[in-house]
**Student:** 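This is the structure I want to talk about, given as structure tokens.
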Amino acid sequence: SIAPEDILRLTVRDIPASTSYHPDFTQFSFVPRSIGAGDIYVEACLSMFKELGFIDRYRFRRRTLARFLLMVQKGYRDVPYHNFSHAFAVGHFCFLLLRIPSVKAALTDLERLSLLVACLCHDIDHRGTTNAFQLQSKTPLAQLYSSEGSVLERHHFAQTVSILTMEDCNIFEGLTRKEYQTVLDNIREIILATDIAAHLRKVSRIKGMVNVGFDGTQQEHHYLLMCLLMTASDLSDQSKDFNNSKAIAGNIYKEFFSQGDLEKQMGNRPIEMMDRERACVPKIQLEFMDTVALPVFDYISHLLPELTSTYNSLQQNRQCWAILDSILQEEGTSPAGLDFLQ
Ligand SMILES: Cc1nc2ccc(C(=O)NCC(C)C)cc2n2c(-c3cc(OC(C)(C)C)ccc3Cl)nnc12
Ligand SMILES: [Mg+2]
Ligand SMILES: [Zn+2]
């Protein structure tokens, strides 16, 4: 175990290259970001579709799938957190979930296909700012979608559909009309489920499903399970070794604090979480772990016992944040910027 004061000093550099930690792509402890950058992502995505049997089952043309994946990768912006490496990490975790026998038994093949595609596409063209920012700043996206809500998520879905209409990028061309409609309906619902406000409204229904046990004859349970697998994948960075989680949190706060700076320039006062002068990162992380991340992995590990060790990693990470928080309290340092996260 790491001594508390050492946690502050640990940096991502101190940890041996994460591949030495995570020898195997098919383990939940694998750190997807450790595979580097560039087109290797597309290769890895192709092998995920292959291994899940989707290429054969839905007669994907490899060239079409490769072009689709390249357009998805290109669709992401170079922002600190909501970039393609986040999408790939989310897709990889989803890939591991979809291989679990009880998930294969619970969901239809179309639902599993919808989940993997939705994970890779769920944050396409993210600008590194929140839905609240879109509305307050009356951005073009807000002009488009403010009346429906989930502004960013509707845009992520719209971008996904537009890629499918591009030259030789429609991976679903081999599906029947009914299958095509079902997959697009699923992908829309799954991407909309990644709006944190929508998630918080829905989480009690997910808890209800966990209490009574998954019932495959209920469409509502299929829908709630897909949402739960999506949000767990979206949060999966927090279930890896603490240095990965800490580094990822650092990227998220780069986005949050840049948004806060922008809001100040626009004459608006950012909320504390976005204000680099006021935010206490470990405190926000503790609250986020307790109110959002831990419940998601608590529920999913009740449904899928294979996720127990993942839930335990989140709890360990939560403890690391608690230690960081107490150290910063004792030191009484000014609200911590991001330096200790580097
Ligand atoms: C490490 C980590 N810290 C975070 C700290 C705060 C917040 C935040 O938005 N707080 C304000 C709320 C409580 C009113 C989000 C954080 N977060 C996310 C995240 C999750 C999302 O949505 C799902 C997946 C559906 C939960 C959507 C967007 C994001 Cl950035 N992913 N990782 C993180
Ligand atoms: Mg999102
Ligand atoms: Zn995401």
Side-chain angles (χ1 to χ4, degrees), residues 32 72 75-77 79-94 115 118-134 141 145 149-160 189-203 206 224 226-240 242-260 270-275 279-297 299-300 313-314 317-318 320-321 324 338 341:
V72 169
Y76 281 84
R77 296 192 184 193
V79 288
Y81 177 71
H82 285 104
N83 50 49
F84 185 71
S85 67
H86 165 61
F88 178 76
V90 173
H92 174 262
F93 193 85
C94 177
L115 259 169
C119 278
L120 292 169
C121 300
H122 84 281
D123 276 330
I124 284 189
D125 199 32
H126 201 293
R127 291 92 199 279
T129 52
T130 61
N131 279 329
F133 181 82
Q134 310 310 317
L141 290 187
Y145 302 120
S150 302
V151 171
L152 285 168
E153 292 74 22
R154 288 186 195 283
H155 179 58
H156 303 320
F157 175 64
Q159 292 299 93
T160 304
E189 291 310 309
I190 294 165
I191 292 181
L192 287 177
T194 62
D195 171 7
I196 195 164
H199 164 73
L200 292 173
R201 286 196 297 271
K202 184 183 307 129
V203 77
I206 291 174
L224 292 174
M226 285 193 283
C227 294
L228 180 60
L229 298 185
M230 174 71 241
T231 43
S233 303
D234 205 353
L235 294 166
S236 58
D237 273 313
Q238 295 313 307
S239 70
K240 309 291 180 179
F242 184 60
N243 282 284
N244 181 69
S245 307
K246 190 157 63 83
I248 298 311
N251 294 341
I252 288 176
Y253 288 94
K254 278 188 189 128
E255 287 191 6
F256 283 176
F257 293 163
S258 300
Q259 177 174 319
I271 60 173
E272 184 172 313
M273 178 176 83
M274 308 265 170
D275 188 342
C280 176
V281 171
K283 189 170 299 308
I284 300 164
Q285 281 311 103
L286 277 174
E287 188 183 335
F288 178 78
M289 297 288 276
D290 290 343
T291 57
V292 183
L294 281 165
V296 164
F297 280 86
Y299 302 147
I300 198 171
S313 316
L314 262 118
N317 286 339
R318 187 233 180 262
C320 292
W321 287 115
L324 276 179
L338 288 170
L341 279 177

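Indexing begins at 1, ligand by ligand and atom by atom, following the structure's order.
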**Student:** Quick check on contacts: which atoms of ligand 1 are under 4.0 angstrom from a heavy atom of T231?
**Tutor:** 25 (C)
**Student:** Y253 vs F256 aromatic rings, parallel, tilted or perpendicular, using cut-offs 30° and 60°?
**Tutor:** perpendicular
**Student:** Taking all non-hydrogen atoms of both residues into account, name the closest pair between S85 and N83 and its distance.
**Tutor:** OG-OD1, 2.6 Å
**Student:** Do the side chains of V281 and F257 get nearer than 4.5 Å, heavy atoms only?
**Tutor:** yes
**Student:** Please determine which of H82, Q134, E255 meets the side-chain hydrogen bond (donor to acceptor under 3.5 Å, both in side chains) test together with T129.
**Tutor:** Q134
**Student:** Considering heavy atoms of the protein only, find what lies nearest to atom 31 (N) of ligand 1 and give residue, atom and distance to 0.1 Å.
**Tutor:** L235 CD2, 3.8 Å
**Student:** Less than 4.5 Å apart, any side-chain heavy atom of E287 and any of V292?
**Tutor:** no
**Student:** Could you check atom 24 (C) of ligand 1 against the protein and tell me its nearest heavy-atom contact, residue, atom and distance included?
**Tutor:** D234 OD2, 3.4 Å
**Student:** Protein heavy-atom contact under 4.0 Å for atom 29 (C) of ligand 1?
**Tutor:** no
**Student:** Less than 6.0 Å separating the ring centroids of H122 and H86?
**Tutor:** yes
**Student:** Could you report the tightest heavy-atom contact between W321 and S245, atom names first, then the distance?
**Tutor:** CZ2-O, 4.5 Å
**Student:** In the protein, which heavy atom is nearest to atom 33 (C) of ligand 1, and how far is it?
**Tutor:** I252 CD1, 3.3 Å
**Student:** Specify the protein heavy atom at minimum distance from atom 15 (C) of ligand 1: its residue, its atom name, and the distance to 0.1 Å.
**Tutor:** F288 CE1, 3.3 Å
**Student:** Quick one, D237 and F93 - any side-chain contact, counting heavy atoms below 4.5 Å?
**Tutor:** no
**Student:** In terms of the angle between their ring planes, are H156 and H126 parallel, tilted or perpendicular, with boundaries placed at 30° and 60°?
**Tutor:** parallel
**Student:** Look at H82 and state whether any of its N, O or S atoms is less than 2.8 Å from the Zn ion (ligand 3).
**Tutor:** no
**Student:** Around the Mg ion (ligand 2), what protein N, O or S atoms are found below 2.8 Å?
**Tutor:** D123 OD1
**Student:** Is a side-chain donor or acceptor of R318 paired with a backbone partner of D290 at a separation under 3.5 angstrom?
**Tutor:** no
**Student:** Tell me which N, O or S atom of D234 sits nearest to the Zn ion (ligand 3).
**Tutor:** OD1
**Student:** Could you check atom 12 (C) of ligand 1 against the protein and tell me its nearest heavy-atom contact, residue, atom and distance included?
**Tutor:** I196 CD1, 3.9 Å
**Student:** Evaluate the side-chain contact (heavy atoms from CB on, under 4.5 Å) criterion for residues N317 and K240: first the C-alpha distance (whole Å), next the side-chain angles of each, then the deciding distance (0.1 Å), finally the verdict.
**Tutor:** CA-CA 8 Å; N317 286 339; K240 309 291 180 179; 5.8 Å; no
**Student:** Heavy atoms only: give me the nearest S236-F297 pair and the separation to one decimal.
**Tutor:** CA-CZ, 4.2 Å
**Student:** Could you tell me whether the side chains of N244 and Q238 share a donor-acceptor contact shorter than 3.5 Å?
**Tutor:** no
**Student:** Using a 4.0 Å heavy-atom cut-off, which part of L200 comes near ligand 1: side chain, backbone, both, or neither?
**Tutor:** neither
**Student:** Verify the distance test for H126 against the Zn ion (ligand 3): any N/O/S atom under 2.8 Å, yes or no.
**Tutor:** no
**Student:** Any idea which N/O/S atom from D123 gets closest to the Zn ion (ligand 3)?
**Tutor:** OD2
**Student:** Does atom 26 (C) of ligand 1 have any protein heavy atom closer than 4.0 Å?
**Tutor:** yes
**Student:** Quick one: do the D234 and T194 side chains pair a donor with an acceptor below 3.5 Å?
**Tutor:** no
**Student:** To the nearest 0.1 Å, how far is atom 11 (C) of ligand 1 from its closest protein heavy atom, and which atom is that?
**Tutor:** M273 CE, 3.8 Å
**Student:** I want to know if ligand 1 touches Q285 in the polar sense, i.e. an N/O pair below 3.5 angstrom.
**Tutor:** yes
**Student:** Output the list of atoms in ligand 1 that are nearer than 4.0 Å to some heavy atom of V292, sorted by atom number.
**Tutor:** 26 (C)
**Student:** Can you list the atoms of ligand 1 that are under 4.0 Å from a heavy atom of Q238?
**Tutor:** 1 (C)
